[in-house]
Chemist: 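Just passing along the structure, written as C-alpha cells.
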Amino acid sequence: MNSIFRRLFRLVGPALLLLPIIAAQPSARADSNPGVVQIDNLKPFTQVLAMSDAHGEYAHLTKLLTAAGVIDGSKDWAAGKTLFIVVGDSIDKGPDSMKVLALWIKLTPQAVQKGGRLVVLLGNHEAEFLANPQNKKAVIFRAELAKAGISAQDVADGKDAKGLGKLMLSMPLAARAGKFLFAHAGWYPPKMAWGNFVAKAQSTLKAKKYGDDFITGPHSILEEKEETPGTKWYDDKAAVTSLEKRIAALNLYGVVFGHQPKAFGFKGKLGGVDHLHIIKIDSGMAPDAEDSPGEILRFKHPGDLLKMAEPDADRMQADGDHKKLDVINASNP
C-alpha cells in the first residue's frame, strides 16, 4: 500500500506543491479586480521590469521581449523569477491587439509557475474601450475583432470565448511595488490619501464604471496630459514639483508612467527625472508615434524599490543592448 502512495505522490506531488503559489496570485476573472496591486515583498524576484504602450504592435513586442529574455522562441515565459509590470495601452493603433492580449493571457500563469509574476495594468485605451467599445479610438481593434467574428460588446462585457474581455476587466488601475507607483499616466490625484485611492479604484472598477472621471476623466491617473490647458504637465515645472510632492506624501519614492512618448524630451526612449522620482517608459511603439521597436525598464536589484533612494535602473533594447537611463532635472530651474 505504501508503494502505491509513493508512486501516486511522484505523479501528482509536484503539481500539489504549486497550488499554494498559484492560489496566491490574482486570477484573470472579471470579478476579481483588486483596483490596485500592492507588492511589498520583492525578495522572491530577481529583477523588476516594466514597459508600456505596446498598442497592438505584436511584432515589435515579441522581438523586444525575446531580446530582454522575457520570452523564448516559442513565446513562452523565460524570465524565471521576474516581476514584469505592463503599464497599460496594450490595444489600439497597431494591427494585432488580439495577439498582444492573448500573449498576456498565456504568460500570466506561466510566470507564476516559474516563480515570477506578470501584472498587466489598465491604460486609457483599455478603459475607454470598456466604457464604450464603439469609441473612435478603437476602430482598428474593432475591425480586428470583427474579422475574427468576435463582438466588441461581448469583449467589453467579458463574454468573448478567447477571454480578451475578462483579461481587460481584471486589469488594475495601478500597481505599487515597494516605494514605486506604476500607473499609465502617472498623475496621482491631488488631496487623496492612499487608502482612499485604493478603495476608490477597487469600488469603481468592481462597478465597471470605466467612464467615471476617476478612471477616464481628463485629469485622471490614466488620461492626464495638460494640467493647464495648452501646456503639457511635464513641461510645467510647478506641475512636476506638485506631482513629486504628492508621491512623497504617500511615503513613496517615485512614479513610473507611459502614455506620453515625448515627455521630458525623451523621444523614442525611456528616461528619468529628478534622481528617478519620475520615470517615463512610453518608448513610442505606436504607429502614430515613433514606431519604435520599444524599450523595457529594468530595476536590476528589486530591493532598491523598497528604499527612499535613487534605484539602479537601465533600459533594455530590442537589439539586446542595455543602456543607462538618461536623467534630467525637471522640477527646478
Chemist: Does any N or O in the side chain of E126 come within less than 3.5 Å of the main-chain N or O of G123, such that one atom is a donor and the other an acceptor?
Modeler: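 Yes, E126 side chain to G123 backbone: donor-acceptor pair under 3.5 Å.
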Chemist: Would you say E244 and V273 make side-chain contact, with heavy atoms under 4.5 Å?
Modeler: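 A side-chain contact exists here, since the closest heavy-atom pair is under 4.5 Å.
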Chemist: Kindly say whether K269 contributes a backbone atom to a donor-acceptor pair with the side chain of K280 at under 3.5 angstrom?
Modeler: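 Side chain of K280 to backbone of K269, a donor-acceptor pair under 3.5 Å: yes, one is there.
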Chemist: Using 0.5 Å steps for rounding, measure from the CG atom of D72 to the CG atom of L65.
Modeler: 11.5 Å
Chemist: Looking at every heavy atom in both V255 and L243, which two are closest together, and how far apart are they?
Modeler: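 So the two residues come closest at CG1-CD2, 4.3 Å.
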Chemist: May I ask you to decide whether D282 forms a salt bridge with K262, counting only side-chain N to carboxylate O separations under 4.0 Å?
Modeler: no
Chemist: For K137, does the NZ atom sit with more than 12 other heavy atoms under 6.0 Å from it, leaving out its own atoms?
Modeler: yes
Chemist: Check I39 against F45 and note the closest heavy-atom contact, atom names and distance.
Modeler: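 Answer, listing the atom of I39 first, then F45: CG2-CE1, 4.3 Å.
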Chemist: Can any side-chain N or O of H259 pair as donor or acceptor with the backbone N or O of E223 at less than 3.5 Å?
Modeler: yes
Chemist: Quick check: do L121 and P172 have side-chain heavy atoms less than 4.5 Å from each other?
Modeler: yes
Chemist: Run the ring pair (Phe, Tyr, Trp, His ring centres under 6.0 Å) test on F214 and F197 for me, step by step, so that the C-alpha distance in whole Å, both residues' side-chain angles and the decisive distance to 0.1 Å come before the verdict.
Modeler: CA-CA 10 Å; F214 180 70; F197 173 73; 5.7 Å; yes
Chemist: Treating T216 as the side-chain partner and D213 as the backbone partner, does any N or O pair qualify as donor plus acceptor under 3.5 Å?
Modeler: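 No, because the side chain of T216 does not come within donor-acceptor range (under 3.5 Å) of the backbone of D213.
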Chemist: Check the angle between the aromatic planes of F84 and W77 and answer parallel, tilted or perpendicular using the 30° and 60° thresholds.
Modeler: tilted
Chemist: Go through it in stages, so that I can follow the logic: the residues are H60 and D291, the test is side chain to side chain donor-acceptor pair (under 3.5 Å), and I'd like the CA-CA distance, side-chain angles, deciding distance and then a yes or no.
Modeler: CA-CA 9 Å; H60 282 330; D291 197 22; 3.2 Å; yes
Chemist: Between the main-chain N or O of S283 and the side-chain N or O of S292, is there a donor-acceptor pair closer than 3.5 Å?
Modeler: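 Confirmed, S292 side chain pairs with S283 backbone.
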Chemist: Rounded to the nearest 0.5 Å, what's the gap from CD1 on I91 to CG on L145? Could you check?
Modeler: 8.5 Å
Chemist: Any idea which heavy atoms bring L270 and I281 closest together, and the distance?
Modeler: CG-CA, 3.8 Å
Chemist: Any side-chain heavy atom of I328 sitting closer than 4.5 Å to one from F266?
Modeler: yes
Chemist: Sub-3.5 Å donor-acceptor pair from the side chain of S97 to the main-chain atoms of D92, do we have one?
Modeler: yes
Chemist: Which value, rounded to the nearest 0.5 Å, describes the distance between K232 atom NZ and E227 atom CD?
Modeler: 13.5 Å
Chemist: With a 6.0 Å cut-off on the ring centroids, do F257 and H184 count as close?
Modeler: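 When the ring centroids of F257 and H184 are compared, they turn out to be at least 6.0 Å apart.
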Chemist: N33 versus L169: any side-chain heavy-atom pair under 4.5 Å?
Modeler: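 In short, these two side chains do not touch, never coming nearer than 4.5 Å.
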Chemist: Whether the side chain of D154 engages the backbone of K159 through a donor-acceptor N/O pair (distance < 3.5 Å, no angle test) should be reported.
Modeler: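 No; judged by distance alone, with no hydrogens or angles, the pair does not exist.
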Chemist: Taking the six-membered ring where the residue is Trp, are the ring centres of F264 and W233 under 6.0 Å apart?
Modeler: yes
Chemist: Please name the pair of heavy atoms, one in T62 and one in K75, separated by the smallest distance, quoted to 0.1 Å.
Modeler: CG2-CE, 3.8 Å
Chemist: Evaluate the side-chain proximity of E224 to Y234: yes if any heavy-atom separation is below 4.5 Å, no if none is.
Modeler: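 Y234 vs E224: side chains apart.
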Chemist: If you measure from OG1 on T82 to CZ on R117, what distance do you get to the nearest 0.5 Å?
Modeler: 14.0 Å
Chemist: Would you say the side-chain atoms of H322 pair up with the backbone N or O of R315, donor to acceptor, closer than 3.5 Å?
Modeler: no
Chemist: Check this for me: K209, atom NZ, are more than 12 non-hydrogen atoms of other residues, nucleotides or ligands nearer than 6.0 Å?
Modeler: no
Chemist: Do I105 and L122 share a hydrophobic cluster, counting only Ile, Leu, Val, Met, Phe, Trp and Tyr and linking them when any side-chain heavy atoms are less than 4.5 Å apart?
Modeler: yes
Chemist: Check whether any side-chain heavy atom of L205 lies under 4.5 Å from a side-chain heavy atom of M171, and answer yes or no.
Modeler: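 No - every pair of side-chain heavy atoms lies 4.5 Å or more apart.
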Chemist: Provide the closest heavy-atom pair for S220 versus W187 in the form atom of the first, atom of the second, distance.
Modeler: O-CB, 4.0 Å
Chemist: Looking at side-chain heavy atoms only, is the closest gap between E295 and K323 below 4.5 Å?
Modeler: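 Contact flag for E295/K323 side chains = no.
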Chemist: Which residue in the set D288, D89, D96 passes side chain to side chain donor-acceptor pair (under 3.5 Å) when paired with H55?
Modeler: D89
Chemist: Does the side chain of S90 reach to within under 4.5 Å of the side chain of L101, using non-hydrogen atoms?
Modeler: yes
Chemist: Rounded to the nearest 0.5 Å, what's the gap from CG on L305 to CG on D40? Could you check?
Modeler: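 Reported to 0.5 Å precision, the distance equals 11.5 Å.
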Chemist: For Y253 and K307, work out which heavy atoms get closest and say how close.
Modeler: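 Closest heavy-atom pair between Y253 and K307: CB-O, 3.9 Å.
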Chemist: Would the distance check show the side chain of R176 and the main-chain N or O of G178 forming a donor-acceptor pair, the cut-off being under 3.5 Å?
Modeler: yes
Chemist: Is it true that K324 and D312 make a salt bridge, defined as a side-chain N closer than 4.0 Å to a carboxylate O?
Modeler: yes
Chemist: Using a 3.5 Å distance criterion without hydrogens, assess whether the side chain of T46 forms a donor-acceptor pair with backbone atoms of K81.
Modeler: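 At least one qualifying donor-acceptor pair exists.
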Chemist: Do the charged groups of D160 and K166 touch, with an N to O distance under 4.0 Å?
Modeler: no
